[in-house]
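In listed order, ligands and their atoms are each counted from 1.
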Amino acid sequence: MINMKHMKLLYTGKAKSVYEIDSDTVLMEFRDDLTAGDGAKKDTKSKKGALNAEISAKLLELMEDNGIPTHFIEYQKPNRHVAKKVEILPLEVICRNIATGSLLRRYPFKAGQKLSPPIIEMGYKSDEYHDPMLNDDIALALGAASSREELDEIRQITLKVNRVLKDFLLPRGIILVDFKLEFGYDSSGKLLLADEISPDTCRFWDAGTGEIMDKDRFRQDLGSVVEYYEEVKRRILSQI
Ligand code: 5GP
């Protein structure tokens, strides 16, 4: 087990802290903090960080097994990942299979409407500007991406993540409603899927009951946040 006391803190996000292990690797600590509304609403739920670390480890391994390169190296119980150090692009790449959340506040979709083909949306990662939606011209002009080809590659990888994740979750009784990805470049210039795939960054609905099993429980004050994350973990780790 790595001792974090002597490690340099590189970055503290809203739910994770990132420490430097060496020039190529980092230690990501998944904290129990929950935030919503660009940090306006905050709470702490015991065990949430560990649950997300374990769920995300399994789902990032699933991506690697399906040929999607990620920054993930190793899960360390209870709440840490060892990962490749990457230069994160300031993009939030969102993929939607069902209309809900901010989409309904911005466009006249019906709640629960199926989106087929899925919608991919890119946002500029900035709490100050509330992650505004980008088009390719804005992303390039801002320097958030370096070429149209890079943006196309990110969209293709995101669609593949969606297919793999949907097909993995449905037999486990979970509908993948939407999710947010982040990408980065490692020191050799390789584009990697980074950050996490967890109930903090995805919407998961119970395929039988339609119940919400993700961070919307916190956003909407539905209660039992950790209990539902536990259930997501149980289903994701189950051998079916
Ligand atoms: P929406 O745009 O509807 O709020 O979110 C769409 C999807 O992206 C949801 O699964 C949501 O959890 C995820 N998402 C969007 N922005 C963020 C963000 O800033 N942080 C996290 N953790 N997830 C986000």
Next on the checklist: Only heavy atoms of Gly101, strictly under 4.0 Å: list the atoms of ligand 1 that pass.
Outcome noted: 3 (O)
Checklist entry - Can the positive tip of Lys41 be found less than 6.0 Å from the middle of the six-membered ring of Phe218, inside 45° of the ring normal? => result yes
Checklist entry - Looking only at heavy atoms, is any part of Arg96 under 4.0 Å from ligand 1, and if so is it the side chain, the backbone, or both, or is it neither? => result side chain
Item to check | Lys84 and Asp186 ion-paired at < 4.0 Å | outcome: no
Checklist entry - For ligand 1, which atoms, with element, lie under 4.0 Å from some heavy atom of Asp178? => result 6 (C), 7 (C), 9 (C), 10 (O)
Checklist entry - Got a salt bridge between Lys16 and Glu196, using NZ or NE/NH1/NH2 to carboxylate O under 4.0 Å? => result yes
Next on the checklist: Please list, in number order, the atoms of ligand 1 under 4.0 Å from a heavy atom of Asp131.
Outcome noted: 19 (O)
Item to check | Taking every non-hydrogen atom, the tightest pair across Arg235 and Gly173 | outcome: NH1-O, 2.8 Å
Checklist entry - Which atoms of ligand 1 sit under 4.0 Å from any heavy atom of Phe179? => result 8 (O), 10 (O)
Checklist entry - Less than 4.0 Å between a side-chain N and a carboxylate O, is that true for Glu54 and Lys233? => result yes
Next on the checklist: Please give me the minimum heavy-atom distance between Phe72 and Glu64, naming the atom from each residue.
Outcome noted: O-OE2, 4.4 Å
Next on the checklist: Please check whether Arg105 reaches ligand 1 - meaning an N/O of the residue sits under 3.5 Å from an N/O of the ligand, judged on distance alone.
Outcome noted: no
Next on the checklist: Under 3.5 Å between any N/O of Arg203 and any N/O of ligand 1: does that happen in this structure?
Outcome noted: yes
Next on the checklist: Please work out, at 4.0 Å between heavy atoms, whether the side chain, the backbone, both, or neither of Asp38 comes within that distance of ligand 1.
Outcome noted: neither
Checklist entry - Closest heavy-atom contact between Tyr228 and Ile212? => result CD2-O, 3.6 Å
Item to check | Any side-chain heavy-atom pair of Leu103 and Ile119 under 4.5 Å | outcome: yes
Next on the checklist: Taking atom NZ as the centre, does Lys47 end up with more than 12 heavy-atom neighbours from other residues, nucleotides or ligands that are less than 6.0 angstrom away?
Outcome noted: no
Item to check | Protein contact to atom 15 (C) of ligand 1 [nearest heavy atom, distance to 0.1 Å] | outcome: Ile94 CD1, 3.8 Å
Next on the checklist: Just to be sure I read this right, does ligand 1 sit under 4.0 Å from the backbone of Cys202, its side chain, both, or neither, counting only heavy atoms?
Outcome noted: backbone
Checklist entry - How does Asp200 reach ligand 1, by side chain, by backbone, by both or by neither, if only non-hydrogen atoms under 4.0 Å count? => result backbone
Checklist entry - How far is atom 20 (N) of ligand 1 from its nearest protein heavy atom, and which residue and atom name does that atom have? => result Lys180 CE, 3.8 Å
Item to check | Which of the ligand 1 atoms, numbered from 1, are nearer than 4.0 Å to a heavy atom of Arg219 | outcome: 11 (C), 12 (O)
Next on the checklist: Classify the ring geometry of Tyr75 against His81: parallel below 30°, tilted from 30° to 60°, perpendicular beyond 60°.
Outcome noted: perpendicular
Item to check | Sub-4.0 Å atoms of ligand 1 with respect to non-hydrogen atoms of Ser102 | outcome: 1 (P), 2 (O), 3 (O), 4 (O)
Item to check | Glu92: numbered ligand 1 atoms lying under 4.0 Å from its heavy atoms | outcome: 16 (N), 17 (C), 18 (C), 19 (O)
